[in-house]
Visitor: 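Shown below is the structure under consideration.
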Amino acid sequence: MSSFEPKIITFLCNWCSYGAADLAGVSRFQYPPHMRVIRVPCSGRISPKMVLAALRKGADGVWISGCHPGDCHYIEGNYYARRKFTLLKEILEFNGIEPGRLHFSWISSAEGVKFAEVANRVIDEVKQLGPARVFIKKSPEESAA
Amino acid sequence: MNRYTETIQTLAAKLLETGDVKTVLGFKRGTFPLTTEPFLATTPADTGELYWDVNCRLNLATYLKKEMGKVAVVAKGCDTRNILVHITENRIKREDVVIIGVPCTGMIEVKKATEMAGGDILYATEQGEEMILTTAGEEIRVPKAQLLRQNCALCAHPNPVIYDMLVADPVPVQTGMDRYADIREIDAKTSDAKWAFFDEAFSACTRCYACRNACPLCYCPTCFVDESRPQWVGKGTDPVDVRTYHMLRAIHCAGRCTECGACESACPMDVPVRLLTRKMEKTVGDRWGLEAGLTLDARPAQDIFCLDDPEEFIL
Amino acid sequence: MVEVLEVTGTPSHIRDKALAMIPDGNLNACLTCGTCASGCPATGQMEMDPRKFLRMAVLGMDDQLERHPWVWVCTMCKRCYDVCPMSINIPQLIYDLRAQWPRQERPKGILGSCDHHINSDGGAMGVPLEDFKFTIEDLAEECRDQPGFEDLKADLDREGAFFALNQNSREPVTEPDELLPLWKILHTVGADWTYYSRMWGGENYCMFLADDPSWEKIIRIQVEHIEKLGCKVFINTECGHSFYAVWQGLRRFNIPHNFEFKSIIEYYARWIREGKLPVNSDWNTKGLKFTVQDPCNVVRKSLGDKLADDLRFVVRQVVGNENFIDMAPNRSMNFCCGGGGGSLQAGYTQERHAYGKVKLNQIMATGADYVITPCHNCHAQVEDIGHHFKASYHTVHLWTLICLSLGILGENERTYLGPDLAEFGL
Amino acid sequence: MTHQKTMGSVLIAGGGIGGIQAALDLANSGYYVYLVEKSPSIGGVMAQLDKTFPTNDCSMCIMSPKLVEVGRHLNIELLTLSEIQGVTGEKGDFEVEVFQKARYVDMDKCIACGACTEKCPKKVEDTYNQGLVKRKAIYALYPQAVPLKYCIDADHCLMLTKGKCGICAKTCPAGAINYDDTDKTLSLHVGAIILAPGFKAYDPSGKEIYNYDRSPDVVTSLEFERLLSASGPNQGHLMRISDHGKLKKIAWLQCVGSRDINTCSNGHCSSVCCMYAIKQAIIAKEHDPSLDCTIFYMDMRTHGKGFESCYNEAREKHGIRFVRCRVHSVFGQPGETVGQVIDYVDETTGRVTREIFDIVVLSVGMEISEEVKSLAENLEVALTPGGFARTNSFNPVATSREGIYVCGALQGPKDIPQSVIEAGSAALSAGASLASARGTLTQTLTAPEETDITGERPRVGVFVCYCGINIGSVIDVPAVRDFASGLPFVEYVGDNLYSCSQDTQDAITQVIREKKLNRIVVAACSPRTHDPLFQETLMNAGLNKYLFEMVNIRNHNSWVHKDHPAEATIKAQEMVRMAVAKVALFTPLVEAELSIDQNALVVGGGLSGMAAAKALSCQGYHVSIVEKEETLGGQANHLYMTAKGESIQDGLKTMVTEVTSDPNIDLFLGAELSGVDGFVGNFQSTITQGDKRSSTTHGVTVIATGAGEYRPDEYLYGQDPRVLTGLELDKKFIDDDPSLKKAGCAVFIQCVGSREPGRPYCSRVCCTHTMVSALHLKEKNPKMQIFVLYRDIRTYGEREALYKEAREKGVLFIRYSTEDKPVVTNSGDRLTVTVTDHVLQRPLSIQADLLTLATAVVPYRDAKLAQFFKVPINDEGFFAEAHVKLAPSDFAVSGVFLCGLAHYPKPVDEAIAQAQAAASSATRLLSGKTINTSGNVAEVNPALCSGCGVCEAVCPYNAPSLVTEGKEAGKARINPVICKGCGACVASCRSGALQLKGFEEGQLMAMIDNF
């Protein structure tokens, strides 16, 4: 299992969490190279569809991070996001996607440390689960095989 | 002719006579036993066809369209809630619809009745708390409660929540029922077992979209599964695609679904699609204390938020 | 049910008088913030505290304040005034209210002492000058028998002496042997000093009595006499209020003088630094622990932390750095022991003990075996509360320890040492 | 007529939030700005804060977009390490001498890689972290600093002090170190000056009473702020400082260095400390709910918007203890290094209670530094006795010297929103004085015409940056470059040592032209800092700037995967693959341009409305005022005197005359708005005046509808003519009612209708108003007995002097609690007022001739107006601004602004300042004549839209609306001018009808497909 190098799709809001990732860099806080960051303006931009697509594509984990409640650059985008995440998490887990594959966080642009901590935590949990198995769309060739 | 049918016909005739509405949307007897069909009455004379019994499983909100002008619709408790969602979502205007509310005692599930009767049923009549099922060979009496669809058996809002007229006095509302025992049972499974359970449950799905068509909430001009740019969900019966469809549809209906059961009743393959919508319904209730279609004053759950919505899962 | 008080807001004469008499006495400015009361050991005594006192004055409850005995429980230590955000001079208000008591109704102990002082032209105990003279001469004679002190001098009214020494009359009158350590110190450093004969007692109960004319009279006579002797430095022994009576008297009554007025503690420190007083802590082999009381009158009310630092320097040198445990709070922030302001003579013993409990707790928290009290009132009060609350510490003047350290402390000069040191170095 | 020349530029001294806001306001309305900051970077104290009250927003998060905007603004010249030395000339044409210290780092070359700091051997106290940790002698002030350029601390640098070391020069990959740099004196010509130097936090060192010098566990509030901050010395982990032990109890001591003329000479209230202490206590509790947090205070001053409910929550929800006692002192325990002892008096028992705390936070106040005071003196700017700039209530930011304005703490102690308001006010005032020179010194960017790439297949250019060794030492840059060359649509790949350097920009421009590239990917550092730079390069090469994507292989890769070079390289390759997939789907985006109608509408003709109208008119805009009454002036008609002693009637009269005679201002009295259509830049409003209806078009709207006075039903009000409201008493003052002099005793009751259930806010103005009234009564009749019954006296800022004066003049203050309110009865000749004295804890009875109730300011809760402009109203009934801290006079809805009592209760000076701030924001819009919106906006595909309205529901800016007419009736439409590009509507749209340009579903899916 230790050789397993997961790939985790990470959606970061531009104003807070992406800034935190930048700050983690400036501060040289180390975490393993398993994240693939997709920058979005706001956590409110992330539709359930994108998370489903990431999992279908074989992401071993998905991590979404936005501004803390009250800090949203767009006033309230993260509050709507929070409701979406709640439903998404429930439906995915209900369907048998392991809880450890899907992570959410609020990280402000001043929280470089927290960014690195959560990154490490997310990676750890995904590593524990091993490669994603069930909800992966196979290409026709793969399906045939 | 039962009392409900009689009253519906009278009310409808009056509405059409006075010109209050151009159309009355209701049910008529179906071609086959234990079925009904949607019916549009446009003249007082048509109203004689209007009908009501335990087989009015369809949710007529599906057929409400802005273009219909002023229309009256026959609606059960769950249907009225759905109409209410439609009003908040700008599908129809409150002033354009006359709701003939039906205090509902529940609709039966054909499969259950057939199994119970041990053969094809020719007639089914409601008598008090019982159903009399007539097959080719015999006539059996079964407590209606045993035949109810699950959503009806667990119904918490049998009476219309919004209406212009009622067909009868409100019926008693049951309380204390355990609405989510089956959901909790699945919740308790391991992830792998959950996956396997639904793999099996959805294996019959042929992507015929009967559920989507029956659902009044699925009114998008183009469903996400039919999107072409990008086309990210396959159109066939690949299990991952099937699951994607059902999961995302459940999310789309979360906070809006009023548990009318039309989807499941419409499914030719007995796919338990409501497990997912009910999981969402439970989540919306547990987390935010909301139920769909009870107020005109607020948008559905996903369109609003509270500052202190629970967020223990967010790091 | 508490009686409803009619407040008319009509002028309170206490308030107006304070406003007229005290430069920072606008009691109205009070924010009722509680700073004074939270720092005052007399808070709660007689259900009174400085804030309440001020409040009653502000509300015009003069009749209830004019004879309120709490003015004799407050020691005017100025801890309140030090931090009052509005700089309201509460101690001065207390002083002025004391002054408003008909003289004869003021506490007998203080009143008698003041009268004795004025009448005798000597000290508060009313001892005739002749007796004082005899005591000095007799003791000096005795001291000269001790090795090393063969040419010890203790003069009275010697013209041209560099130092004039301000002597509290307690020692010559009640415990003359306690005079010797200080003389020995002065001898050791080769100080050129003399006592003076008029108003020779350093104490000043007239100040406690709030009897301005008498307080002033004592100081003026002292000053005139010392000026006549031509001394350069007027030095005050280990006594807080006698220091303050002069220090403040010179200012308050605007008395011209040519000498410098100093505390003996400043000189102890100086002499040690200059090597003239070769103290060390080698004697403290048992590691006895010492703490020190900051007399309000020489620290907070006059010379401030500079003096407190000198005091600590002396103590550390004498008892060993590691054996000194400071109280908390300390220096200018230290609590009054409760013996100041005439309270030892005022007759409100129960209140004085309760007040002293704050000090006792402070002392106990240090775990010290000895409390050094370079002040007569502190000494008496700390000693008394120790007895009252059955604490085991001992209370000593600094002179005792300096002489102990120098190995020159005589057998009869050890009244305040505990059994652990009673025989030490003899 | 003089031939005095007018310069179209303004110098702003001070780069804190006030200076930043003023700079942006001015630079965005046609003036060139010199922003002079004495430290190496802008940001001021706000950049040091962890969170901001009352909403606990992350300070840095909300501030950094403004920092970046200033840093990149074409018309703002940032002069760091600089101070004003002298000013000559006069309004319109000042010559300012600015002294600029040497930085020893070439700002053009420094790439902020931090290699120098890493290697620098010299450690220095870190002032940004309040000296709690060390930094190096070469440093950047803080990680998000603007400008993000390093700087050598000449006092500590070994090379500069001792001539040896030179390590940074050797380390710097960009050759930016210049030890020979010298101090400079610059001479600048400007038309106006704004002083925004901020405050100095009171320094408690040397004060024995606080134990601050003796124990590390006694900290100032600013130090505690750093300790709370995730970017602070302990990464936000709370612990005892002395021994890193576990915290159990924290105490805050209020009014340290404030309201104290004994241990310091700061008689004023610092206005902000009560709230920040509450905020810090709440945040500390959030860190560890088991903490015991206690605040020792005199009066809890939570007089701002949302403050009182924050205070209530602190008590009731968070369990923070509030002890009303100014404590005497803090001290340690003998022989212990931990534990801070505090004695306090329990008000009910009258006994001293002792508690021991792990940390004591000194809520230090604000004061003006000696340097600033001498600068003011040098500039001939008059100060108050308290050391703050002297201003007039009707002209709240103008100093005594014409042409020099002030904002922020120098004008008086204040919080962030008030500073931001004053910044707007100062910008407006400065701008108005230079209106004739607007646009004369500003530059606009001109880019070559955009190449039309329609129909072209994507030709992607990929540039991979080494960033010196920052990327190159970990990631195999050539491997990434070569990998990129194999990706679909990639036509060109290259690598650069420093992609951000000017020569690289030129090279990229050339490659774009030569290779006809039509999409660009740069793999380097963060788009948050560098997007604008490369977008500019694209524009210079004739490409639409949105055809660009940045890949952050430094901050998100090489810097955080130092020990995994192979994986880091793969990650970089995949990141590039994702970006290329995305960029290939990009299309040129158009920035919608919208012309702005140059008229303004002000709703409300009170002081605020008039001030806003006047301010806009001064800037040359035509204004319509709609006032519901027949007269102008609103509540000011009933007010007598300001806290500074100015006659409100006189001030009002002047204003009314100015407004009525202003040809640029149309008045609609006895009128109301009966309909509003349109949006920013193009509103059409219908004004109804009786049966007359008129219609007006306007580009901006200022809402200044004011508020009313609470009509009490308690304390015999309405039953006894001797019981008045505060305004009724003022009316008697205005009329010089002779009966007042005859009153022997007057009583005021505070908080009537405020701070009550149902109206939980503090009305802010009443305490000061009562002081002014009481003093005026005392002046009329010095023998009059006056009592003020209060809950907390909230004479914030320099208004505290009035409270002191009132006390000193014999006004008696008696505090009551809500459980034991005063009782008023009619005793025939007089009124009997009974109240329990807070110190003596016994009932007092007062025979009064006059009872004045300091009644609440009550919002009108104008739902119709809110509906017209789609602006929100908060729970308390006041309009809700866009952002409590940084946009107090703006609405989230573009083009609508807010000021005066409609926002929150406030005195005359603050109302006028806010009116001017609102006008300043409006001017920013109007002066642009057109607005360009971002290209990254949402767009509806009507064919897919179901018209469900979810987009309308979730958008905080009202950008989406449902089309009402035509063939797309019922479908949503996004107004690109209003859309801010968050994408919340897109994610909420079930039908896939919405797209966010630049972050389209297909583009993001392409990234996912290629991860």
Side-chain angles (χ1 to χ4, degrees), chain A residues 5 7 9 11-12 14-16 18-50 53-54 56-59 67-68 70-77 80-81 84 107-114 116 119, chain D residues 50 55-62 64-65 114 143-144 229-231 235-236 525-529 552 554-564 567-568 570-571 574-575 578 882-883 892 936 954 956-957 980-984 986-989 992 996 998-999 1001 1004-1005 1007-1009 1011:
Chain A
E5 301 280 319
K7 275 168 100 177
I9 291 199
F11 295 95
L12 301 178
N14 181 55
W15 302 97
C16 288
Y18 196 94
D22 279 357
L23 181 60
V26 172
S27 317
R28 312 294 200 273
F29 298 135
Q30 301 295 303
Y31 53 89
H34 304 313
M35 304 289 180
R36 296 295 177 267
V37 171
I38 296 180
R39 182 170 69 116
V40 288
C42 175
S43 52
R45 166 69 190 90
I46 300 155
S47 49
K49 197 195 272 192
M50 269 149 26
R56 286 164 51 96
K57 204 66 201 171
C67 306
H68 285 277
D71 285 356
C72 179
H73 184 78
Y74 302 104
I75 306 172
E76 50 196 32
Y80 293 113
K84 289 195 177 71
I107 305 181
S108 85
S109 65
E111 293 176 320
V113 178
K114 181 171 178 186
Chain D
D50 176 38
T55 49
N56 290 355
D57 283 3
C58 160
S59 190
M60 187 53 76
C61 300
I62 58 177
S64 66
Q144 306 89 338
S229 173
S231 69
Q235 279 88 44
C525 53
S526 177
R528 277 166 50 95
T529 50
N552 193 341
R554 189 184 72 178
N555 300 46
H556 293 194
N557 193 336
S558 65
W559 274 352
V560 291
H561 310 317
K562 265 196 286 215
D563 303 327
H564 303 90
E567 291 91 335
I570 295 171
K571 176 173 171 178
E574 293 179 355
M575 288 165 85
M578 290 164 78
H883 192 277
N936 298 120
V954 300
Y957 309 102
K980 310 258 189 212
C982 69
V986 181
S988 295
C989 179
L996 176 60
F999 294 93
E1001 213 81 334
L1004 298 181
M1005 289 285 191
M1007 291 185 89
I1008 292 170
D1009 280 347
F1011 85 102

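Within every chain, numbering begins at 1; the chains are lettered A, B, ... in the order of the sequence lines, protein sequences first and strands thereafter.
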Visitor: CG of D:Leu996 to SG of D:Cys989: how many Å apart, nearest 0.5 Å?
Guide: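 Reported value, rounded in 0.5 Å steps: 12.5 Å.
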Visitor: Tell me, for A:Arg39 versus chain D, whether the close heavy atoms (under 4.5 Å) come from the side chain, the backbone, both or neither.
Guide: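 For A:Arg39, heavy atoms of backbone and side chain both lie under 4.5 Å from chain D.
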Visitor: Below 4.5 Å, heavy atoms only, C-beta onward: do A:Met50 and A:Arg45 meet side chain to side chain?
Guide: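 Yes, at least one pair of side-chain atoms sits under 4.5 Å.
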Visitor: Which residues satisfy the side-chain hydrogen bond (donor to acceptor under 3.5 Å, both in side chains) test with A:Glu111, sequence neighbours excluded?
Guide: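 Here the qualifying residues are A:His68.
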Visitor: Can you tell me which of A:Arg36, A:Met35, A:Lys7 forms the most heavy-atom pairs within a distance under 4.5 Å of chain D?
Guide: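 Most pairs with chain D among the choices: A:Arg36.
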Visitor: Heavy atoms only, distances under 4.5 angstrom: which of A:Ala24, A:Cys42, A:Cys67, A:Ser43 has the most pairs with chain D? Name it, please.
Guide: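 Highest number of pairs under 4.5 Å: A:Cys42.
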Visitor: Pick from A:Cys72, A:Ala54, A:Pro41: which one has the most heavy-atom pairs with chain D under 4.5 Å?
Guide: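 Of the options given, most contacts go to A:Pro41.
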Visitor: Which residue out of D:Gly983, D:Ala987, D:Ser988 racks up the most heavy-atom pairs below 4.5 Å with chain A?
Guide: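 Top count of heavy-atom pairs under 4.5 Å with chain A: D:Ala987.
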Visitor: Name the region of A:Lys57, side chain, backbone, both or neither, that has any atom closer than 4.5 Å to a heavy atom of chain D.
Guide: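 Both backbone and side chain.
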Visitor: For A:Ala59, is it the side chain, the backbone, both, or neither that has a heavy atom closer than 4.5 Å to a heavy atom of chain D?
Guide: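 Both the backbone and the side chain of A:Ala59 come within 4.5 Å of chain D.
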Visitor: Considering residues at least two apart in sequence or located in another chain, which fulfil the side-chain contact (heavy atoms from CB on, under 4.5 Å) criterion with D:Lys980?
Guide: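 So D:Lys980 forms a side-chain contact (heavy atoms from CB on, under 4.5 Å) with A:Tyr74, D:Ser894, D:Tyr957.
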Visitor: So, do D:His556 and A:Asp22 sit near enough that their side-chain heavy atoms are less than 4.5 Å apart?
Guide: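 The answer is yes; the side chains approach within 4.5 Å.
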Visitor: Which atoms of A:Val113 come close to chain D, meaning under 4.5 Å heavy atom to heavy atom: side chain ones, backbone ones, both, or neither?
Guide: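 Contact with chain D involves the side chain of A:Val113 alone.
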Visitor: Pick one of side chain, backbone, both or neither for A:Lys49, based on which atoms fall under 4.5 Å of a heavy atom in chain D.
Guide: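 Looking at A:Lys49, backbone and side chain both touch chain D.
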Visitor: So which of D:Glu567, D:Arg554, D:Glu574, D:Met578 has the biggest tally of heavy-atom pairs under 4.5 Å with chain A?
Guide: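 Between D:Glu567, D:Arg554, D:Glu574, D:Met578, the count favours D:Glu574.
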Visitor: With a 4.5 Å limit on heavy-atom distance, are the side chains of A:Cys16 and A:Ile107 in contact?
Guide: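 The answer is no, as the side chains (C-beta and beyond) never meet within the 4.5 Å cut-off.
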Visitor: Supply the atom-to-atom distance A:Ile9 CD1 to A:Ile38 CD1, rounded to the nearest 0.5 angstrom.
Guide: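 Separation between the atoms: 5.0 Å.
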Visitor: Hey, which of D:Ile570, D:Asn552, D:Asn557, D:Val954 has the most heavy atom pairs under 4.5 Å with chain A?
Guide: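 Going by pairs under 4.5 Å, I would pick D:Val954.
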Visitor: Would you say A:Tyr31 and D:His561 make side-chain contact, with heavy atoms under 4.5 Å?
Guide: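 Answer yes - side chains close enough.
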